[in-house]
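First the structure, in the form of structure tokens, and then the observations on it.
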There are 2 protein chains.
Amino acid sequence: MQFGERIKELRESKELLQRQLAASLEIDTPMFSKIERGERRAKREQVLLLAELLEADVHDLLAVWLADQVYELVKDEEDANEALQMVINTVKKQQ
Amino acid sequence: MQFGERIKELRESKELLQRQLAASLEIDTPMFSKIERGERRAKREQVLLLAELLEADVHDLLAVWLADQVYELVKDEEDANEALQMVINTVKKQQ
DNA sequence: TTAAATTAGCCAAATATTGACAAGTCACAA
DNA sequence: TTGTGACTTGTCAATATTTGGCTAATTTAA
């Protein structure tokens, strides 16, 4: 939902081609295209690399990347909000 | 983390045995035991059944069940909080 | 100590994810 | 139009993960 768009924006603002970033990530261009369109998910390690290559804030990218995955899990659930609040409380304490 | 404990409490307060609930869910007792201890995750459908069998609030159980899964995804992430906030915002709009 | 209840460990079957390839579309320059 | 480069689509096999169920151990309670 958001991660791919973010990557695409950053990539275009740096005038890089998919195949260039794909090469850096050691995947093929179709795979990179899919990541940008959210059809496939990037690996955590790839997010770190992309942050570096695109000179973007790594925490920001990681947060968006994570959010995509969480969203995928809860998007069809009526009780998503309650569940998310519970997790936030748990995560707070855990720090 | 929470779902299994919740089920166990409800089960014990109704003085039911694992094997009885397991039979109702059409799984074996060891599997039910694992669900209670969080070693395996229940299917959504099983949560609905459990809510009925244990006379518990189905939304409440679903929320806890979902929360477990989300937690599993974000628990080791430094940026979990930011990600969760993003998802909450997205989910709010989606309604 | 026994018998029932619960847990641990293991394995095979089913499912999902992954990476790669070939072929397709699209925009545009020659 | 034809050709070229950038990107997308679809498919497939390889790999990983999840699932269900079995056996055997351990715990609990009488």
Side-chain angles (χ1 to χ4, degrees), chain A residues 1-50 53-54 56 61-62 64-77 83, chain B residues 1-50 53-54 56 61-62 64-77 83:
Chain A
M1 88 185 176
Q2 304 284 21
F3 179 75
E5 297 165 30
R6 191 73 78 92
I7 293 300
K8 182 170 186 177
E9 280 172 16
L10 290 164
R11 177 176 67 81
E12 289 177 341
S13 76
K14 287 195 111 54
E15 304 192 61
L16 294 168
L17 299 176
Q18 286 187 345
R19 79 176 144 78
Q20 298 176 299
L21 288 179
S24 300
L25 300 187
E26 301 181 273
I27 57 178
D28 68 1
T29 307
M31 183 73 73
F32 189 89
S33 166
K34 283 166 188 168
I35 289 173
E36 265 193 7
R37 286 172 294 111
E39 194 182 307
R40 294 286 176 97
R41 92 174 34 154
K43 293 178 173 179
R44 194 178 194 286
E45 180 192 312
Q46 294 172 329
V47 179
L48 302 182
L49 244 171
L50 283 171
L53 295 165
L54 296 169
L61 272 191
L62 278 172
V64 177
W65 168 79
L66 236 200
D68 274 9
Q69 292 169 71
V70 173
Y71 182 72
E72 194 55 32
L73 200 55
V74 307
K75 67 180 179 203
D76 296 324
E77 290 289 345
Chain B
M1 91 183 175
Q2 304 285 20
F3 179 76
E5 298 165 30
R6 192 71 79 92
I7 293 300
K8 182 171 186 178
E9 280 171 15
L10 290 164
R11 177 177 65 81
E12 290 178 341
S13 77
K14 287 195 112 51
E15 304 193 58
L16 293 168
L17 299 175
Q18 287 187 345
R19 81 175 144 77
Q20 297 176 299
L21 287 178
S24 300
L25 300 187
E26 300 180 274
I27 58 178
D28 67 2
T29 307
M31 183 73 73
F32 189 88
S33 167
K34 283 164 189 168
I35 289 172
E36 265 194 5
R37 287 173 294 114
E39 195 182 306
R40 293 286 175 95
R41 89 173 39 152
K43 292 179 173 179
R44 194 178 193 287
E45 182 191 311
Q46 294 171 329
V47 178
L48 302 182
L49 243 172
L50 283 170
L53 295 165
L54 296 169
L61 272 191
L62 278 173
V64 176
W65 169 80
L66 237 200
D68 273 8
Q69 290 169 72
V70 173
Y71 182 72
E72 195 56 31
L73 200 56
V74 307
K75 67 181 179 201
D76 296 325
E77 290 287 347

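Chain letters run A, B, ... following the sequence lines, proteins first, then strands; residues in each count from 1.
Here the side chain of B:Trp65 pairs a donor or acceptor atom with the backbone of B:Ala42 at under 3.5 angstrom. Between the A:Arg40 side chain and the A:Lys34 main chain, no donor and acceptor come within less than 3.5 Å of each other. Of the possible donor and acceptor atoms, none in the side chain of B:Arg6 sits under 3.5 Å from a partner among the backbone N and O of B:Gln2. A donor-acceptor contact shorter than 3.5 Å is absent between the side chain of B:Asp28 and the backbone of B:Ala22. A donor-acceptor contact shorter than 3.5 Å is absent between the side chain of A:Arg11 and the backbone of A:Ile7. At least one donor-acceptor pair closer than 3.5 Å links the side chain of A:Gln20 to the backbone N or O of A:Leu17.
Separating the CD1 atom in B:Ile35 from the CG atom in B:Leu25 is a distance of 6.5 Å, to the nearest 0.5 Å. Atoms CZ and CD, on A:Phe32 and A:Gln46 in that order, are 9.5 Å from each other to the nearest 0.5 Å.
With a heavy-atom cut-off of 4.0 Å to chain B, the contacted part of DNA chain C has its first and last nucleotide at C:dA5 to C:dC10.
The shortest side-chain heavy-atom distance between B:Leu61 and B:Leu48 does not fall under the 4.5 Å cut-off.
Within residues 10-22 of chain B, no residue approaches DNA chain D, by heavy-atom distance under 4.0 Å.
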How does protein contact run along nucleotides 19-29 of chain D, one letter per nucleotide 5' to 3', with B for base contact, S for sugar-phosphate only, - for none, heavy atoms under 4.0 Å? BBBBB------
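Few gaps surround CD on A:Glu12; more than 12 heavy atoms of other groups in view lie less than 6.0 Å from it.
One finds a side-chain N or O of A:Arg37 lying less than 4.0 angstrom from the OP1 or OP2 phosphate oxygen of D:dT9.
Atom pair B:Glu72:CD and D:dT17:P shows a separation of 13 Å (rounding to whole Å applied).
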